[in-house]
A.B. asks: 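Okay, here's the structure, questions in a sec.
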Amino acid sequence: MELLAELRNNTSDLHQRLDRAVSRTPFASPEGYQRFLLMHARVLPQAERWLAAQPLYATLPGDRLRTAALARDLEALALSMPAGACVAGNSSSVAGLAYVLEGSRLGARYLLGQLAKAGASYPVAFLRHGEGENHWTSFRAWLAAQPANQSAVATAVTSARALFDAYLEAVCHLEGEQAQ
């Protein structure tokens, strides 16, 4: 059983739903970009706080925590860090949560291109964090070295799905705030 393939296959539905939810507001518009950052702000700090406390996460090479970069971008836009959602617990999987967050980082390259195409000039420390450091390649190598037995895969998939759900809930929450 390959952990990466199992994670990808068992979360693609949620990933697609999240992509559709985020794209309901044009990303490069001021509202869309702020919404994107606030969505991450409702989820990322809590996920990273949990991951940083896990010894296994420390075995991933490089500086992977992006909360400080996100906070800088929010501050530059005069936005506050919102209250966050609980996204991890004792039975969570480092591999599952890291898969979602590293995939998000991988998607940042595409999003930077969208901003450039639109001529948008926003603070992008969050999107640029880890740029040029080959985080996806090192993550894949790390993930391939993790246990891939049925139990480990199930826990990783459950954790990844829970994190995608937290992001979807964050988008829904922000859409509810905008409607009021």
Side-chain angles (χ1 to χ4, degrees), residues 4 7-8 11-49 51-52 60-85 87 96-143 160-180:
L4 178 60
L7 283 163
R8 188 177 288 139
T11 61
S12 62
D13 61 322
L14 289 173
H15 191 177
Q16 290 170 4
R17 280 183 53 207
L18 181 59
D19 284 349
R20 284 191 306 270
V22 169
S23 66
R24 283 195 287 260
T25 303
F27 172 72
S29 71
E31 299 80 19
Y33 189 66
Q34 289 177 15
R35 183 171 161 254
F36 169 81
L37 291 178
L38 289 168
M39 172 196 67
H40 278 286
R42 291 186 59 79
V43 177
L44 184 74
Q46 293 72 20
E48 286 190 344
R49 192 174 304 117
L51 284 168
L60 269 162
D63 172 21
R64 294 176 180 271
L65 302 177
R66 298 183 291 163
T67 297
L70 175 61
R72 285 193 304 275
D73 288 350
L74 289 171
E75 184 178 334
L77 294 169
L79 297 171
S80 300
M81 186 73 77
V87 296
L97 296 181
Y99 168 75
V100 176
L101 298 183
E102 290 301 321
S104 167
R105 180 193 316 276
L106 187 63
R109 283 188 278 177
Y110 169 78
L111 296 175
L112 283 166
Q114 294 298 308
L115 292 178
K117 251 196 262 185
S121 178
Y122 304 125
V124 291
F126 175 66
L127 290 175
R128 291 201 183 283
H129 186 276
E131 196 171 54
E133 294 183 31
N134 295 317
H135 280 305
W136 183 249
T137 302
S138 63
F139 171 72
R140 287 183 61 167
W142 176 88
L143 191 63
R161 289 186 67 82
L163 190 52
F164 274 118
D165 280 336
Y167 272 109
L168 282 163
E169 287 174 25
V171 171
C172 289
H173 178 82
L174 291 166
E175 287 174 345
E177 283 181 358
Q178 288 174 345
Q180 295 175 0

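Predicted model, so just to flag it, every value in this text is computed and none were measured. Keep in mind that the numbers below use all heavy atoms, side chains included, and drop hydrogens, waters and symmetry copies. Sequential numbering from 1 along the given sequence is applied to the chain's residues.
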A.B. asks: Any side-chain heavy atom of D13 sitting closer than 4.5 Å to one from R161?
C.D. replies: yes
A.B. asks: Closest heavy-atom contact between R42 and P82?
C.D. replies: CG-CG, 3.5 Å
A.B. asks: Rounded to the nearest 0.5 Å, what's the gap from CG on L111 to OG on S104? Could you check?
C.D. replies: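 The distance works out to 8.0 Å.
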A.B. asks: Is there a donor-acceptor contact under 3.5 Å from the side chain of Y33 to the main chain of S121?
C.D. replies: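 Checked: no pair found.
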A.B. asks: Could you pull out all residues at least two apart from Q46 that satisfy side chain to side chain contact (heavy atoms under 4.5 Å, CB included)?
C.D. replies: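 Partners of Q46 by the side chain to side chain contact (heavy atoms under 4.5 Å, CB included) criterion, ordered by chain and then number, come out as R49, V87.
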A.B. asks: So which heavy atom on S80 is nearest to which on L74, and how close?
C.D. replies: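 For S80 versus L74, the nearest heavy atoms are O-CD1, 4.5 Å.
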A.B. asks: Could you note down all residue pairs passing salt bridge (charged side-chain N to carboxylate O under 4.0 Å, His left out) where residues 103-127 supplies at least one of them, sequence neighbours left out?
C.D. replies: E102-R105
A.B. asks: What's the shortest heavy-atom distance between A160 and V100, and which atoms?
C.D. replies: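 For A160 and V100, the tightest heavy-atom pair comes out as O-CG2, 3.6 Å.
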A.B. asks: Name all residues meeting the salt bridge (Lys or Arg N to Asp or Glu O under 4.0 Å) criterion together with E131; count only those two or more places apart in sequence or in a different chain, and write none if there are none.
C.D. replies: R128
A.B. asks: Distance from L37 atom CG to L127 atom CG, nearest 0.5 Å?
C.D. replies: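 If I round to the nearest 0.5 Å, the distance is 7.0 Å.
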A.B. asks: Give, for atom CE of M39 and atom CG of L174, the distance between the pair rounded to the nearest 0.5 Å.
C.D. replies: 8.5 Å
A.B. asks: Return the set of residues passing ring-ring contact (aromatic ring centres under 6.0 Å, His included) with H40 (not counting sequence neighbours), or none when no residue passes.
C.D. replies: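 So H40 forms a ring-ring contact (aromatic ring centres under 6.0 Å, His included) with F36, F126, Y167.
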A.B. asks: Between T11 (side chain only) and L14 (backbone N and O only), is there a donor and an acceptor less than 3.5 Å apart?
C.D. replies: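 Answer holds: no.
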A.B. asks: Not counting sequence neighbours, which residues clear ring-ring contact (aromatic ring centres under 6.0 Å, His included) with Y99? List them please.
C.D. replies: none
A.B. asks: When you compare the side chains of T25 and E31, does any donor N or O come within less than 3.5 Å of an acceptor on the partner?
C.D. replies: no
A.B. asks: Surrounding CZ of R17 (heavy atoms of other residues, nucleotides or ligands, distance under 6.0 Å), is the total greater than 12?
C.D. replies: no
A.B. asks: Would you say Q114 has more than 12 foreign heavy atoms packed within less than 6.0 Å of its CD?
C.D. replies: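 Enclosed.
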A.B. asks: With a 4.5 Å cut-off on side-chain heavy atoms, are R24 and V171 touching?
C.D. replies: yes
A.B. asks: About how many Å separate CD of Q16 and CZ of F164, when rounded to the nearest 0.5 Å?
C.D. replies: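 One gets 10.0 Å once the value is rounded to the nearest 0.5 Å.
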A.B. asks: Taking all heavy atoms of T67 and all of P45, pick out the closest pair and write down the distance.
C.D. replies: OG1-CA, 3.4 Å
A.B. asks: Do D73 and L79 have side-chain heavy atoms sitting under 4.5 Å apart?
C.D. replies: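 A side-chain contact under 4.5 Å is absent here.
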A.B. asks: Between the main-chain N or O of V22 and the side-chain N or O of R35, is there a donor-acceptor pair closer than 3.5 Å?
C.D. replies: yes
A.B. asks: Could you pull out the closest heavy-atom pair between L7 and G96, with the gap in Å?
C.D. replies: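 What the structure gives for the nearest pair is CD2-CA, 4.2 Å.
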A.B. asks: Listed by chain and number, what are the side chain to side chain contact (heavy atoms under 4.5 Å, CB included) partners of A69, not counting sequence neighbours?
C.D. replies: R72, A125, H129
